[in-house]
Amino acid sequence: MEEMERRSKNFIEEIIEKDLESGRVKEIRTRFPPEPNGYLHIGHTKAMCVDFGMAEKYGGKCNLRFDDTNPTKEDVEYVDAIIEDIRWMGFDFGDRVYFGSDYSEQIYQYAVQLIKKGLAYVDDLSPEEMREYRGTLTEPGRESPYRNRSIEENLELFERMRKGEFESGEKTLRAKIDMASPNLNMRDPVIYRIKKEPHHRTGTQWCIYPMYDFAHPLQDAIEGITHSLCSIEYVDHRPLYDWFLEKLEIPNPPRQYEFARLNINYTVMSKRKLRELVEKGYVDGWDDPRMPTLRALRRRGFTPASIRNFIELNGISKTASVADWGLLEHCVREDLNKNADRVMAVLKPLKVVIENYPEDLVEEFDVENNPERPEKGTRKVPFSREIYIERDDFAIDPPPKYFRLKPGGEVRLKNAYFIKCTGYETDENGEVTLVRAVYDPASRGGESPDGRKVKGTIHWVSAKHAIDAEVRLYDKLFAVENPDDIPDGSDYKDYINPDSLIVIKGAKLEPCLKDAKPEEKFQFLRIGYFCVDNKDSKPGNLVFNRTVGLKDTWAKIASKQQAGNG
RNA sequence: UGGGAUGUAGCCAAGUUGGUAAGGCACCAGACUUUGACUCUGGCAUGCGUAGGUUCGAGUCCUGCCAUCCCAGCCA
């Protein structure tokens with residue numbers, strides 16, 4: 001691990017190392033605290049990498065803790081999904097799956113202690129009144145008329161709140177801090193509210209629930225968390241976090257540190273927007289491969305390693321930033337280049353007849369599975385008189401520097417033969433429908449028999465051996481870098497990339513793909529990385545999702561030429 | 001007009017006692033190539049939000065200013 005330490009330390013690592021050296025903590029304990037109210041998305045993986053990653057790196061442990069203090073928003077459906085996604089990412093929480101709701105009694109007792117110290121009171125203000133009393137950003141708030149109830153009265157009222165003697169919203173328990181604080185979080189924050197709603201874990205056992213600001217530091221304390229790592233918007237909450245721990249005299253209190261959350265261009269991360277895309281049918285569900293949810297990325301073919309590397313390369317800091325989707329693409333390419341087997345697939349087939357090749361002959365060529373990993377061996381690929389090539393690999397009137405197939409031109413069929421185009425047929429629209437060619441038997445295996453240079457090498461599939469498949473070409477969900485920052489009067493949904501999904505029905509694949517399994521990943525030679533869809537693909541009816549295309553220098557050259565000519 | 005956080009290249013991001021701007025992505029130019037992929041080589045901030053100041057010397061210290069983001073849930 002040490003020799004891999006090429007990058008400089010981030011500020012959290014500095015803090016942890018200092019704490020370890022000074023003996024402030026003996027062992028690192030962190031927590032990953034999702035609220036089970038939705039699916040995890042790639043933004044959450046940054047928190048995962050920080051929470052689990054720091055524990056991993058420094059020989060500590062990270063707890064998975066569901067932050068479930070609001071029964072109206074949470075559901076077990078999400079806890080199962082979240083656990084599955086974290087496991088898929090490869091993070092280890094052992095048997096340390098905790099629920100904030102399991103600490104209900106302890107948190108309640110802490111609240112009682114606060115009341116006894118004269119540091120909390122039961123308030124009768126309505127939500128509207130409370131907002132008025134809170135003041136504004138520039139004006140101090142006013143104290144509630146109920147602020148000075150006696151400790152005895154507060155104790156009694158709080159107990160009656162617990163017993164269900166009041167209706168939802170009728171009373172709250174508030175910390176008594178400072179209504180004039182410039183930090184609004186310190187203006188007597190509500191720490192308990194009445195919600196007569198069944199909770200997904202505790203049922204109807206409780207009708208009062210602690211607020212995040214009160215529950216979180218105490219949950220951390222109960223679990224012996226040493227470093228409570230969270231995102232930057234909680235900086236303003238830290239004084240409150242510390243206040244509770246101090247007033248309740250928690251020994252060796254946990255400390256909170258904040259880092260910037262992850263934003264990525266060409267997508268949206270807000271739960272509200274993601275939900276809208278799903279509910280209004282702009283995408284095909286939470287696991288639509290264009291979504292930034294983990295289930296979607298998984299289905300699209302992204303690997304946990306590539307996502308973790310993406311987070312790693314982006315780094316941890318406090319700067320509000322927008323990461324580049326292109327870097328994520330780079331990371332999967334890097335992973336899959338090393339790990340995905342190569343295979344030939346023709347997405348837009350154009351038939352080529354090799355006129356001097358025997359009618360009934362079938363040859364099998366040995367083709368290596370992955371040039372990056374010779375140990376992955378070879379496979380047999382059948383070849384015959386009629387093959388399919390990519391429509392883009394033939395041009396009647398090619399642009400300069402085009403070195404694929406053209407009339408009179410010669411090209412290498414990868415691992416097979418050189419062929420020379422002798423003619424072609426078109427339909428009434430001028431579309432090429434068939435290409436005629438002859439092969440050079442001496443070029444068997446794609447070798448140059450006489451040392452002649454054939455610059456172009458293209459992929460192909462034997463027509464009679466090809467299997468059909470549906471191929472879904474996915475691209476960025478949005479056509480603009482920042483769908484959250486668009487002109488007034490427009491809607492972010494107007495900027496959905498119309499080409500974010502292109503479905504190809506009649507793709508022709510080499511036969512070895514027949515038994516490809518869901519989530520299996522391949523490089524379609526010269527095209528990109530593809531993954532067997534884990535939902536719709538069935539034997540005999542294969543569906544492949546494009547994770548990402550290969551880098552395409554030719555496309556760049558061609559578009560430059562076009563720009564130059566236009 | 002209150003408080004907090006943050007400003008280093010197109011995008012991330014190092015830079016810890018002041019000593020002359022790491023690295024990655026992207027991009028550009030070459031080499032190699034039976035994937036126009038991969039890999040390799042070279043290029044890419046007289047400049048660190050800005051204006052002053054201290055100093056032999058400032059991204060680092062001081063002062064002022066500007067910009068962006070967060071906060072007025074009985075959400076997390």
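Hydrogens, waters and symmetry mates play no part in the numbers below; they use all other heavy atoms, side chains included. Reminder, nothing fancy here: chain letters follow the sequence lines and each chain counts from 1. Source: prediction; values computed, not measured.
Residues that satisfy the side-chain contact (heavy atoms from CB on, under 4.5 Å) test with A:D124, not counting sequence neighbours, are A:V122, A:Y146, A:R149, A:K171. Every residue meeting the side-chain contact (heavy atoms from CB on, under 4.5 Å) condition with A:P398, not counting sequence neighbours, appears here in chain and number order: A:A395, A:Y402, A:K406. The side-chain contact (heavy atoms from CB on, under 4.5 Å) search around A:V76 returns A:H200, not counting sequence neighbours. The ring-ring contact (aromatic ring centres under 6.0 Å, His included) search around A:W243 returns none, not counting sequence neighbours. Residues satisfying the ring-ring contact (aromatic ring centres under 6.0 Å, His included) test with A:Y212, not counting sequence neighbours, are A:H216, A:Y234. Remark: A:E159 pairs with A:K163 by the side chain to side chain donor-acceptor pair (under 3.5 Å) rule, at least two apart or across chains. In this structure, the ring-ring contact (aromatic ring centres under 6.0 Å, His included) partners of A:F302, at least two apart in sequence or on a different chain, are A:W325. Residues forming a side chain to side chain donor-acceptor pair (under 3.5 Å) with A:D51 (at least two apart in sequence, or on another chain): none. Every ring-ring contact (aromatic ring centres under 6.0 Å, His included) that A:F365 has, sequence neighbours left out, goes to A:F383, A:Y417.
In textbook terms, a nucleotide whose glycosidic angle is within 90° of 0 is syn, while B:G59, being further out, is anti.
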- Query: Base, backbone or nothing for each nucleotide of nucleotides 35-42 of chain B, written B, S, -, heavy atoms under 4.0 angstrom, 5' to 3'?
  - Reply: BBSS----
- Reading nucleotides 71-76 of chain B 5' to 3', which nucleotides get B (base under 4.0 Å from a protein heavy atom), which S (sugar-phosphate only), which -? BBSBBB
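The same atom, C1', is picked in B:C69 and in B:A26; the two are 25 Å apart, to the nearest Å. Across the C1' atoms, B:A14 and B:A45 are found 14 Å apart, a figure rounded to whole Å.
Residue A:D484 contributes atom CG, which lies 17 Å from atom P of B:U68 at whole-angstrom precision.
In this structure, a donor-acceptor pair under 3.5 Å is absent between the side chains of A:N337 and A:R373.
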- Query: So what is the 5' to 3' dot-bracket string for RNA chain B, if pairs are Watson-Crick or G-U wobble with both distances under 3.5 Å, crossing pairs use [ ] and | means the partner sits on another strand?
  - Reply: .(((((((.[[[..)...(...]]].(((((.......))))).....[[[[[..)....]]]]])))))).....
